[in-house]
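Each remark here refers to the structure printed beneath this line.
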Amino acid sequence: MRVIGLSSGTSIDGIDVAAADLELTGDLLRMTPLGHRTVPYSPHLRRTIGEALPPAPTTMETVCRIDTLAGQEFAAAAARGAAELTGDTAELVASHGQTLFHWVEEGRTAGSLQLGQPAWISERTGLPVVADLRAADVAAGGQGAPLASVLDVLLLHDRPAPAAALNLGGIANVTVARGDAPETAFDTGPGNALLDAAASRVTDGREHADTGGRWAASGNVADHVLRHLLSDPYYQRAPPKTTGKERFHAGYLADAIGGSDITAADLMATLTELTAVTVADALRPHGVGEVLASGGGTRNPVLMRRLADRLRPARLIPTDDIGLDSDAKEAYLFALLGFLTWNGLSGSLPGCTGARRAPVAGSITPGTAPLRLPAPHPTFPTRMRIDDARH
């Protein structure tokens with residue numbers, strides 16, 4: 001089946017679109033990546049989403065507008081992906097939508113809100129759409145995250161155990177595979193979230209990221225600020241655990257800096273070190289030998305160098321090296337989750353999310369043709385092969 005995956009992370013930098021040809025035979029899943037695109041949000045929608053994120057107050061009118069406008073922009077991105085990446089041969093769209101709030105109380109997820117009305121995607125493409133991919137796991141007692149563990153466990157299957165997969169989005173999350181032992185997965189803390197907030201702060205909103213790590217490269221770590229940041233109790237909590245921008249946001253950063261006269265470059269260097277330290281500290285107890293890294297943070301050479309130093313002797317390997325573009329991994333993940341739902345298979349791993357059971361993920365919005373689902377596949381995949389579309 002050819003599936004379009006749509007994703008927009010906590011960095012709100014645009015809609016990632018990936019197309020994959022997926023085939024499941026027994027317990028072997030074959031994925032042929034067909035390419036990906038990043039479609040920027042319109043400036044108005046990006047600004048509207050940013051202004052509505054916690055801890056800012058918002059209105060139901062704004063929520064409705066975001067749900068509709070994001071749905072329309074996701075629909076345009078899906079149509080473009082179907083045309084450019086599959087020659088309009090796609091059969092299904094899986095959309096994660098845009099996370100607006102991840103409701104965590106006393107260490108447990110009570111709810112998670114993603115907007116981007118799937119009816120707009122279905123209407124624009126004519127294809128069925130799988131969306132609302134976190135709710136079933138949350139209802140089953142899970143954290144609703146990290147959903148990446150489904151793909152990560154498959155990617156790690158043939159790697160020397162123990163090994164880990166790391167996603168460096170706005171929030172950093174890891175999956176650890178330990179051979180015969182159960183897998184575990186959790187959010188380690190901020191990936192790029194505080195770096196992005198700092199970039200906006202020091203440039204008065206002209207920039208939204210430390211592109212290429214150029215600020216951090218010219219600065220020095222402020223040890224007193226780093227110690228204060230590392231005192232956040234989230235880092236001491238045991239997994240499974242999850243977090244988001246409702247915790248690590250611009251206001252959090254402002255409070256952490258306080259009256260410090262830290263320079264912009266030193267602030268970026270310190271926040272880069274925070275991500276490297278918290279990821280490495282989270283993985284150290286598991287004794288991993290290698291870490292497969294993906295996400296926007298892999299394009300920051302300073303962050304990757306600091307991570308590599310902190311993770312040694314474990315090797316840090318971009319997923320590009322195993323055939324999966326690190327910029328598009330989450331979009332491919334959602335294509336996979338949509339495919340699993342279509343075939344009656346679960347979309348999360350209880351050992352990674354903390355759920356009581358492994359529910360089928362999401363809800364399905366029919367396309368223009370009558371909705372006809374296949375018989376459920378009898379076996380959940382345990383192995384994965386990534387094929388090259390050129391061969």
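Since the structure is predicted, the reported quantities are computational estimates derived from the model, not experimental observations.
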Check ion pair Arg299-Asp320 (N to O, under 4.0 angstrom): yes
Salt-bridge contact Lys329-Asp152 (side-chain N to carboxylate O under 4.0 Å): yes
Salt bridge present between Arg247 and Asp232 (N-O < 4.0 angstrom): yes
Under 3.5 Å side-chain donor-acceptor pair for Thr86 and Arg2: no
Polar contact flag, side-chain donor to acceptor under 3.5 angstrom, Ser363-Asp132: no
side-chain contact (heavy atoms from CB on, under 4.5 Å) assessment of Gln143 paired with Val138: CA-CA 6 Å; Gln143 299 280 357; Val138 174; over 6 Å; no
Side-chain donor/acceptor of Ser260 to backbone N/O of Ile262, under 3.5 Å: yes
Donor-acceptor under 3.5 Å (Ser122 side chain, Gly126 main chain): no
Beyond-backbone contact of Asp13 with Tyr41, side-chain heavy atoms, under 4.5 angstrom: no
Polar side chain donor-acceptor pair, His102 to Ser112, under 3.5 angstrom: yes
Donor-acceptor pair, side chain of Asn343 and main chain of Leu345, under 3.5 angstrom: no
Under 3.5 Å side-chain donor-acceptor pair for Asp27 and Thr379: no
Distance-only donor-acceptor check, side chains Gln114 and Thr99, under 3.5 Å: yes
Glu183/Arg178 salt bridge by N-O under 4.0 Å criterion: no
Side-chain H-bond candidate by donor/acceptor type, Asp16 with Thr38, under 3.5 Å: yes
Heavy-atom check, side chain of Thr353 versus side chain of Thr109, under 4.5 Å: no
Note: Arg385-Asp387 ion pair, threshold 4.0 Å (strictly below): yes
Main-chain N/O of Glu207 paired with Thr203 side-chain donor or acceptor, under 3.5 Å: yes
Asp309 and Arg306 ion-paired at < 4.0 Å: yes
Aromatic plane relationship, His286 with Phe186 - under 30° parallel, 30 to 60° tilted, over 60° perpendicular: tilted
